[in-house]
K.L.:
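I am attaching a structure below and will ask some questions about it afterwards.
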There are 2 protein chains.
Amino acid sequence: MAFRGDRPRIGQVAELAGVSATTVSHALNGRRPVSAETRQRIMDAIAELGYRPNVVARGLRAGRSLTIGLVIPDITNPFYPVLARGVQDVLGPAGYDEIITNTNGVRDLERAALDKMISRQVDGVAFAVFHTHADDLRPVIDARIPVVRLGGRQSLPGVDLVHSDDEGGARAAVEYLIHSGYQRIAFICGPAAEGPAAERVAGYRAALAEAGLGAARNMVVHTDFSRAGGAHGVEKLIRQRKRPDAVLCANDMMAIGALDAARERGLRVPEDLAVMGFDDIDAASLVTPGLTTIANPAREIGMACARLLLDRIDGAEGPAREIVIPTRLVRRQSA
Amino acid sequence: MAFRGDRPRIGQVAELAGVSATTVSHALNGRRPVSAETRQRIMDAIAELGYRPNVVARGLRAGRSLTIGLVIPDITNPFYPVLARGVQDVLGPAGYDEIITNTNGVRDLERAALDKMISRQVDGVAFAVFHTHADDLRPVIDARIPVVRLGGRQSLPGVDLVHSDDEGGARAAVEYLIHSGYQRIAFICGPAAEGPAAERVAGYRAALAEAGLGAARNMVVHTDFSRAGGAHGVEKLIRQRKRPDAVLCANDMMAIGALDAARERGLRVPEDLAVMGFDDIDAASLVTPGLTTIANPAREIGMACARLLLDRIDGAEGPAREIVIPTRLVRRQSA
DNA sequence: CTGAAAGCGCTAACAG
DNA sequence: CTGTTAGCGCTTTCAG
């Protein structure tokens, strides 16, 4: 059991150095001048005692905890560790640490997580969820804690938003397929047009329309956001009278499932069926053939989010900002 | 900028409910009886004000922060998010949150991270590193903060240790290969016998010795812990006079590289060359053929670590404990 | 069953 | 350049 009694306090340093606690504090924080000689005695005392300032006490006094909260569905989903790393790489050097909470996408857990962040006096919150009800963020906003939302569409009033260009990415994917000579391009989507998938479908349709190819209604199939879902989507598509010659999936796991189904059915990729994914998770480069996909730059999103947060913590006022991170085509063998 | 003035304090709740702060505190923490009627008034006041107790202040007073520190090389390495999730799933319900710090395996950053954890008054530390010098943990131990080390071999005095059964896993892998009829089994190892690789080589040798197959010296090749390393390892092995018919790799990424090289060389897997990995990262089930591997149960390690930590925080005394988490053979198509 | 007062470790006035 | 004092928000003696 940790006994704080064992840890030296600022007062002990002061005593050993023969000065007041105030002076030690200032020597440490540089908020007012301390003579070189005194400073030296203080540093010696600190080294001798192994003193480390208590950030909790400092935070209580200062009204800031140097902590930010990251609320995400699941750190185990490969998108989020990269995002978290981006956040940390910006915030860490500024002295902040992060508390990460997984909500599994459950609304009650999201609310509980936000409550906890308030209780913990975090200086900012980054919040990545599908079902964002403005009400759920109310307590955090009322507590005057800056919030940045990650992903999602319509910006909530007073809440900054960072997301990738899902629509543009899907559009680029379709343009690339058309440019490569494919004509009948299908889209394998999630159950409904949930989350980012909505923008991705929009981009898909827009690109087809612009190319004058139109989108046959049955060229968009709905399954779920999983490997099995992607396989299922392909099965459905190749049972149709006019088979697609290319398929864009709402995410990479689905695209990997599409590759499974193609292999299963003896279709050559990309000759018989081109396959594209979205996100560029690590696995995209591991499968065979390598998956051509649209990179969803998690790290950049995290970094942009962190910068926004720092800005707001430093008192930046003004209306809610929206930052769109560009996506990028990653060519491999599958299309 | 967050202004704490906006957040209701316990005193305001007390005032609104017409009681003292002491009573509010007790109503919240249940440390002494509060009449039903008073409690109700307090709860109403809390709801009306949207009061949330300040965990930082509580922590300062109580000498514990309800926070634990997780020091790892890189959250982006797919092993750690799963481990972190295991930790959180045990610690979360107990009221703890985690601060995760990435060290990139750099010793100075490791030391800095530990220092920071002391400053932040964490109630426990989980520490995953290769280069563990006992001295680096000294400050944490002196601060009476329970530490659990993740992975690594010789236990440090006073430091609990959780790791998977690397030697047993490698042994099981080799036994499985022998049982499947393979005779010339190679091992692709990291640069030196670093980290867990050392135990894995040991298990490999032990299993061969027990089977009376001996280990030809040139059947262990050293490369690096990467996909390219694994490919390179296979290249080296097949240039030898007597080729191996099976290869066990120190981790899955190397094994995936081995699959690359086999495909490149036109070797059928597993007919011409069986390939096994170690860890069972997600990618193992995504490649073709699916990778037969030894599951390194990150989640279980995290959970065991968390339980150990809780125990020590609750004051459990006694000598350093060592918990070994069993590994498990996962059969797919590559062997 | 309830309150008053002290104090966790630190820093920001306010003095000198 | 340095010290004294008060107080961040909470819990915990001690008192009733």
K.L.:
Which residues in residues 25-35 of chain B have a heavy atom closer than 4.0 Å to any atom of DNA chain D?
P.N.:
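Per residue number, the list reads B/S25, B/H26, B/N29, B/R31, B/R32.
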
K.L.:
Quick one: bend of the helix from C/dC1-D/dG16 to C/dG16-D/dC1 from 5 pairs per end, to 10°?
P.N.:
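End-to-end axis angle for the helix from C/dC1-D/dG16 to C/dG16-D/dC1: 40°, rounded to 10°.
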
K.L.:
For B/D108, give me all partners under salt bridge (charged side-chain N to carboxylate O under 4.0 Å, His left out), at least two apart in sequence or on another chain.
P.N.:
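Counting only residues at least two positions away or on another chain, B/D108 forms a salt bridge (charged side-chain N to carboxylate O under 4.0 Å, His left out) with B/R111.
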
K.L.:
Among all residues two or more places apart in sequence or in another chain, which pass the side chain to side chain contact (heavy atoms under 4.5 Å, CB included) test with B/P33?
P.N.:
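B/P33 satisfies side chain to side chain contact (heavy atoms under 4.5 Å, CB included) with no residue once adjacent residues are dropped.
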
K.L.:
Who pairs with B/D165 by salt bridge (charged side-chain N to carboxylate O under 4.0 Å, His left out), at least two apart in sequence or on another chain?
P.N.:
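Applying salt bridge (charged side-chain N to carboxylate O under 4.0 Å, His left out) to B/D165 gives none.
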
K.L.:
Look at the side chain of B/R58 and decide which nucleotide, out of D/dC10, D/dC8, D/dT2, has an atom nearest to it.
P.N.:
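Of all the options, the side chain of B/R58 is nearest to D/dC10.
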
K.L.:
Looking at residues 37-51 of chain A, who's got a heavy atom less than 4.0 Å off DNA chain D?
P.N.:
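Result for residues 37-51 of chain A: A/T38, sorted by number.
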
K.L.:
Look at the side chain of B/A57 and decide which nucleotide, out of D/dC10, C/dG9, C/dT11, has an atom nearest to it.
P.N.:
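Within the option list, the nearest is D/dC10.
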
K.L.:
Between B/Q121 (CD) and C/dG9 (P), how many Å, whole number?
P.N.:
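Going from CD in B/Q121 over to P in C/dG9 covers 8 Å.
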
K.L.:
Could you tell me how far apart A/N54 (CG) and C/dG7 (P) are, to the nearest whole angstrom?
P.N.:
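Result: 18 Å.
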
K.L.:
Under the salt bridge (charged side-chain N to carboxylate O under 4.0 Å, His left out) rule, collect the residues that match up with B/R58, sequence neighbours excluded.
P.N.:
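Expected list: none.
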
K.L.:
What salt bridge (Lys or Arg N to Asp or Glu O under 4.0 Å) pairs are there with at least one residue in residues 20-39 of chain A, not counting sequence neighbours?
P.N.:
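Only A/E37-A/R41 qualify under salt bridge (Lys or Arg N to Asp or Glu O under 4.0 Å).
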
K.L.:
Which whole-number value in Å describes the distance from A/R64 CZ to C/dC10 C1'?
P.N.:
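Taking CZ of A/R64 and C1' of C/dC10, I get 14 Å after rounding.
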
K.L.:
Suppose we screen for side chain to side chain contact (heavy atoms under 4.5 Å, CB included). Which residues come up paired with B/A94, at least two apart in sequence or across chains?
P.N.:
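Only B/Y96, B/L310 meet the side chain to side chain contact (heavy atoms under 4.5 Å, CB included) criterion with B/A94.
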
K.L.:
Do the side chain of B/S20 and the base of C/dA4 come within less than 3.5 angstrom through a donor-acceptor pair of N or O atoms?
P.N.:
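Answer no: no donor N or O sits under 3.5 Å from an acceptor.
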
K.L.:
Provide, to the nearest angstrom, the distance between the CG atom belonging to A/L60 and the P atom belonging to D/dG9.
P.N.:
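About 7 Å, once rounded to whole Å.
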
K.L.:
Under 4.0 angstrom, heavy atoms only, what part of the nucleic acid is A/V19 near: base, sugar-phosphate, or nothing?
P.N.:
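Sugar-phosphate contact only.
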
K.L.:
Can you list the residues that meet the side chain to side chain contact (heavy atoms under 4.5 Å, CB included) rule with B/E98, with sequence neighbours excluded?
P.N.:
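Per chain and number, B/E98 pairs via side chain to side chain contact (heavy atoms under 4.5 Å, CB included) with B/I68, B/V87, B/Q88, B/L91.
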
K.L.:
Among all residues two or more places apart in sequence or in another chain, which pass the salt bridge (charged side-chain N to carboxylate O under 4.0 Å, His left out) test with B/R85?
P.N.:
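Scan of B/R85 (salt bridge (charged side-chain N to carboxylate O under 4.0 Å, His left out), adjacent residues dropped) gives A/D74, B/D89.
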
K.L.:
Can you name the one residue among A/N102, A/V71, A/T103 that meets side-chain contact (heavy atoms from CB on, under 4.5 Å) with A/L109?
P.N.:
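Exactly one pass, corresponding to A/T103.
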
K.L.:
Looking at B/R7 and A/A143, would you say the former's side chain and the latter's main chain have a donor-acceptor pair under 3.5 Å?
P.N.:
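Between the backbone of A/A143 and the side chain of B/R7 there is a qualifying donor-acceptor contact (under 3.5 Å).
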
K.L.:
List in chain and number order the residues that pass side chain to side chain contact (heavy atoms under 4.5 Å, CB included) with A/T101, two or more places apart in sequence or in another chain; answer none if no residue qualifies.
P.N.:
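Testing A/T101 for side chain to side chain contact (heavy atoms under 4.5 Å, CB included), a comparison that skips the adjacent residues, returns A/I99, A/A113, A/K116, A/M117, B/D97.
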
K.L.:
Distance check needed: D/dT11 P versus B/R61 CZ, whole Å only.
P.N.:
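Going from B/R61 (CZ) to D/dT11 (P), I get 9 Å.
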
K.L.:
If each of B/I10 and A/T22 is mapped to the nucleotide of DNA chain D with the nearest heavy atom, which maps nearer the 5' terminus, i.e. the 5' end?
P.N.:
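Counting from the 5' end, the first nearest nucleotide belongs to A/T22.
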
